[in-house]
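To keep things clear, I will list the structure first and then write my remarks on it.
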Amino acid sequence: MRNNEETEGFDGEASNTSMISGAHSPYQPTTEPVHSRNVFRAIRCDLDYIKSHFGVLKVIEVVLALISFIFIETIMMCSPCAAVYLFEFVSCSAFVVTGVLLLIFSLNLHTKVPHINWSLTDLINTATSSLFFFLASVVLAALNHRTGAEIAAVICGFLVMGVYGLNTYLAVRRWRLGDSHDGPLQTSEYIRARTASRGEVESRPELQ
């Protein structure tokens with residue numbers, strides 16, 4: 001009987017010890033809230049980017065592309081319609097793609113995918129949009145019926161082409177210099193976020 005009681009007491013103490021040690025175990029899900037906080041902290045409105053040169057140019061491009069699309073959509077009759085269809089496709093595509101990139105950069109979503117070269121992606125988008133707006137505006141200027149909507153679309157098309165051209169020049173200079181102070185930071189910002197989270201974990205002795 002005494003041996004059984006001692007055995008039961010030993011098992012109870014062992015279970016209590018394991019529970020106490022488990023409460024302070026580094027494998028407890030204490031790092032999950034930290035990870036969740038870091039994820040939601042990365043999604044925020046970056047006013048510095050919106051106020052930068054690239055952010056302002058992006059906003060102007062989105063607005064002018066939308067206005068160009070609205071102008072071309074007000075044309076009810078056309079013959080031939082190839083120029084109208086081309087300008088409609090270019091303005092709509094530029095509005096959607098540039099708008100998505102503006103949303104990604106403004107909310108710091110690009111830091112969650114650091115493996116993509118976002119500076120090069122932005123450069124390709126601006127250069128392609130500038131070229132296609134130039135072609136679409138020239139074709140629409142040559143093949144139109146001199147209506148108010150067509151003339152307004154051509155003028156707006158050349159304006160947005162100029163803005164995209166300026167953005168392309170700045171993006172090329174940034175890409176060559178490897179400097180992203182005025183634009184979206186992807187790799188360095190991601191490294192800083194990882195270092196900060198790691199330092200936060202190391203500063204807590206219970207996680208050691």
Side-chain angles (χ1 to χ4, degrees), residues 39 42-78 80-144 147-175 180 182-186 189-190:
V39 170
I43 302 177
R44 59 180 178 81
C45 183
D46 191 357
L47 296 179
D48 293 334
Y49 173 77
I50 298 177
K51 295 178 181 179
S52 66
H53 299 301
F54 289 98
V56 172
L57 290 175
K58 280 275 185 300
V59 173
I60 297 175
E61 290 163 1
V62 170
V63 173
L64 290 179
L66 178 60
I67 294 175
S68 301
F69 180 74
I70 293 175
F71 280 146
I72 206 66
E73 284 296 310
T74 58
I75 300 175
M76 305 304 299
M77 298 182 62
C78 59
C81 297
V84 175
Y85 292 155
L86 176 61
F87 194 92
E88 180 182 13
F89 171 76
V90 171
S91 59
C92 181
S93 301
F95 169 74
V96 173
V97 176
T98 307
V100 170
L101 288 177
L102 176 62
L103 183 65
I104 290 175
F105 294 149
S106 300
L107 297 179
N108 280 328
L109 297 178
H110 59 285
T111 59
K112 303 175 70 64
V113 189
H115 306 291
I116 298 178
N117 191 335
W118 291 102
S119 297
L120 183 59
T121 303
D122 184 33
L123 172 60
I124 294 174
N125 172 65
T126 54
T128 304
S129 300
S130 179
L131 176 62
F132 277 100
F133 259 113
F134 172 75
L135 295 176
S137 300
V138 169
V139 173
L140 184 61
L143 302 176
N144 66 82
T147 62
E150 289 175 328
I151 295 175
V154 170
I155 295 174
C156 196
F158 280 114
L159 286 177
V160 69
M161 180 209 68
V163 178
Y164 272 113
L166 177 60
N167 196 351
T168 302
Y169 168 74
L170 296 177
V172 169
R173 188 177 66 175
R174 180 185 62 183
W175 180 63
S180 57
D182 294 331
L185 302 177
Q186 61 272 5
E189 190 168 313
Y190 173 76

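Remember, predicted model here, so these are calculated numbers, not experimental data.
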### Query
Checking S91 side chain against E88 main chain: does a donor-acceptor pair fall under 3.5 Å?
yes

### Query
Quick one: does F132's side chain get under 4.5 Å of T128's, heavy atoms only?
yes

### Message
Nearest 0.5 Å, please: how far is CG in L103 from NZ in K58?
### Response
12.5 Å

### Query
Got a second to check how far S106's OG is from L101's CG, nearest 0.5 Å?
10.0 Å

### Query
Among all residues two or more places apart in sequence or in another chain, which pass the disulfide (SG to SG under 2.5 Å) test with C81?
C78

### Message
Donor-acceptor pair, distance only, cut-off 3.5 Å: does the side chain of W118 make one with the backbone of F105?
### Response
no

### Query
CZ of F158: more than 12 outside heavy atoms within 6.0 angstrom?
yes

### Query
Atom CG of L140 and atom CG of L135: how far apart are they, to the nearest 0.5 Å?
12.5 Å

### Query
Are N108 and Y49 side-chain neighbours, meaning at least one heavy-atom pair lies under 4.5 Å?
no

#### Entry: Closest heavy-atom pair and its distance - S130, T168
CB-OG1, 4.4 Å

### Query
Could R174 and F54 be counted as a cation-pi pair, given that NZ or CZ must be under 6.0 Å from the ring centre and within 45° of the axis?
yes

### Query
Which value, rounded to the nearest 0.5 Å, describes the distance between H110 atom NE2 and T121 atom OG1?
11.5 Å

### Shortest non-hydrogen contact from A136 toward V90
CB-CG2, 4.1 Å

Pairs of donor and acceptor atoms involving the side chains of residues 67-76, under 3.5 Å and at least two apart or interchain, shall be tabulated with distances.
unit_1 : atom_1 : unit_2 : atom_2 : d
S68    : OG     : L64    : O      : 2.8
T74    : OG1    : F71    : O      : 2.5

### Taking every non-hydrogen atom, the tightest pair across L123 and A171
CD1-CB, 3.8 Å

### Task
Determine, stepwise, if the pair N167 / H53 fulfils side chain to side chain contact (heavy atoms under 4.5 Å, CB included).
CA-CA 9 Å; N167 196 351; H53 299 301; over 6 Å; no

### Query
Is there a side-chain contact between L166 and L57, using heavy atoms and a 4.5 Å cut-off?
yes

### Summary
Rounding to 0.5 Å, atoms CZ (F133) and CG (L159) come to a distance of 10.5 Å

### Message
Restricting to non-hydrogen atoms, name the atom on A153 and the atom on F87 that form the minimum distance, rounded to 0.1 Å.
### Response
O-CZ, 3.1 Å

### Message
Suppose the criterion is side chain to side chain donor-acceptor pair (under 3.5 Å): which pairs have a residue in residues 150-166, not counting sequence neighbours?
### Response
T98-Y164, T147-E150

### Euclidean distance, S93 OG relative to N125 CG, rounded to 0.5 Å
10.5 Å

